[in-house]
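Report on the following structure.
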Amino acid sequence: MQQQIILGSIICFATFLLIILIIGWDVVEITNWGLKCNSISKQCDKQIYAPGRYLVGPFNSFFNFPGSRQAIEFSDDKRAQSQPLKTRTAEGLTLSLHVSFQYQLIKNEIALLYAMAGLNYEATFIRMARDTILQAAGRFEAPKYWTNRRNITEVMQKQLEEELKKAHANCVSLQILDIDLPDQYEDSIVQTQIEVQKKTMKQFEQKAQMILNDILVMRAQNDQEIFVIHAQAQADAFSITQAAQAKANKLLLEAESKGYEMIQKNLELSQEEFNQYLYWISILKQKKAKLVFNPNTVLTFNMNRN
């Protein structure tokens, strides 16, 4: 009997241990951070767990918090968490803003976030974002939403970042998706923007025409410079050619002079005889000249000189 009691106790203890092992495991999902809490004492560890499977013990489990960026949107889209934000501009015009922003939880402050807002922390973010964006939006006049939209976006993001830090999150980015103003005012703004675009286009056309005129002037100047350079090159070429021709003629005359001197010297001709020689040489060079001889006189006729 006693052995049966001991055996039964062992079985009960083993069963108890098996149950503890079965229910004592929990998982932190991928891309999440885990906060371990006790379901009876409602106490949570300060340690934040990375994705994975852990032995947490009985009555303990993980609350999963996103480790990646999350988006909250105020718009008419079915997937949006809230409706568009409605307020008034600085001059009192009705204004409807479609806004989206992305946040990321601060890992080391997740326990503080859970203590402040529980698992419904996103509702807290939506409330804080609505109040912050509406307050910032009311400071700007309507035309600024057309002419300085980027600056308005930066102001809203900066202010929302300061507020979300109080709720243990960071505002990573913010976008103004759409801006709705009264139709009459929007039509006026559109017409104003069209006039501005026309004026800008006219200025561009004037600048383009000025550039075209400058190009034409530069082309004319370049053509004139090319003409001058070409004329100067021709003049220089003519001058060089003339100088070369003159030098060649000079060298030819010098060579002929030296040749005649050698002929006179080698033939031992007197000056009168040499002059006669030159005379006959010149006659022979005349291709159309004719000579007539008679015993008494010698007549030289130069026919057809033309």
Side-chain angles (χ1 to χ4, degrees), residues 13-85 97-137 153-178:
F13 181 74
T15 303
F16 177 75
L17 288 178
L18 180 61
I19 293 173
I20 289 178
L21 290 175
I22 292 174
I23 67 174
W25 290 89
D26 203 0
V27 175
V28 179
E29 300 295 338
I30 296 175
T31 72
N32 288 346
W33 299 111
L35 178 65
K36 187 175 74 172
C37 296
N38 188 280
S39 59
I40 297 178
S41 65
K42 307 300 181 183
Q43 297 296 318
C44 297
D45 290 348
K46 293 182 179 181
Q47 179 183 354
I48 305 301
Y49 292 82
R53 180 180 292 273
Y54 299 89
L55 179 62
V56 295
F59 310 112
N60 291 324
S61 61
F62 285 121
F63 290 132
N64 282 265
F65 291 82
S68 58
R69 297 180 181 183
Q70 304 296 307
I72 293 178
E73 183 173 324
F74 299 89
S75 72
D76 292 329
D77 193 293
K78 294 180 180 180
R79 296 169 295 181
Q81 288 82 354
S82 185
Q83 294 297 310
L85 303 175
L97 288 176
H98 297 239
V99 180
S100 175
F101 71 92
Q102 293 73 44
Y103 71 87
Q104 188 165 22
L105 302 181
I106 300 174
K107 177 183 176 183
N108 296 331
E109 299 181 13
I110 288 179
L112 297 176
L113 173 62
Y114 179 74
M116 181 186 75
L119 296 176
N120 196 28
Y121 55 86
E122 196 164 89
T124 301
F125 294 166
I126 293 174
R127 175 181 55 79
M128 297 176 70
R130 179 185 294 108
D131 294 342
T132 302
I133 294 173
L134 289 177
Q135 184 179 5
T153 302
E154 291 175 353
V155 170
M156 290 180 177
Q157 180 178 344
K158 183 178 179 180
Q159 294 183 4
L160 184 57
E161 169 70 11
E162 294 175 356
E163 290 300 315
L164 286 184
K165 278 187 178 297
K166 299 176 183 177
H168 314 291
N170 290 319
C171 178
V172 180
S173 59
L174 182 145
Q175 304 84 33
I176 297 178
L177 305 176
D178 194 13

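Lys165 pairs by the side-chain hydrogen bond (donor to acceptor under 3.5 Å, both in side chains) definition with Glu161, Asn170, not counting sequence neighbours. The side-chain hydrogen bond (donor to acceptor under 3.5 Å, both in side chains) check on Glu109 picks up His168, with sequence neighbours excluded. Every residue meeting the side chain to side chain contact (heavy atoms under 4.5 Å, CB included) condition with Lys107, not counting sequence neighbours, appears here in chain and number order: Trp33, Ile48. Ala123 pairs by the side chain to side chain contact (heavy atoms under 4.5 Å, CB included) definition with Asn120, not counting sequence neighbours. Looking at residues two or more places apart in sequence or on another chain, you find a ring pair (Phe, Tyr, Trp, His ring centres under 6.0 Å) between Tyr114 and Phe63. Applying the side chain to side chain contact (heavy atoms under 4.5 Å, CB included) rule to Glu73 yields the partners Ser75, Asp77, Ala80, Gln81, Ser100, Leu177; only residues at least two apart in sequence or on another chain are considered.
Distance OG/Ser82 to CD/Glu122: 11.0 Å, rounded to 0.5 Å. Note that CD of Gln157 is 12.5 Å distant from OG1 of Thr132, once rounded to the nearest 0.5 Å.
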**Request:** Quick one: do Leu164 and Phe101 satisfy side chain to side chain contact (heavy atoms under 4.5 Å, CB included)? Show the steps, please.
**Result:** CA-CA 11 Å; Leu164 286 184; Phe101 71 92; 4.0 Å; yes
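Gln70 and Ser68 are linked by a side-chain donor-acceptor pair at a separation below 3.5 angstrom, with hydrogens and angles left out of the test.
The shortest side-chain heavy-atom distance between Leu160 and Met156 does not fall under the 4.5 Å cut-off. Contact check for Phe62 versus Asn32: no side-chain heavy atoms found under the 4.5 Å cut-off.
Of the listed residues (Asn64, Asn60, Val56), just one forms a side chain to side chain contact (heavy atoms under 4.5 Å, CB included) with Asp26, and that residue is Val56.
The shortest heavy-atom contact between Leu113 and Ala167 is CD1-O, 3.3 Å.
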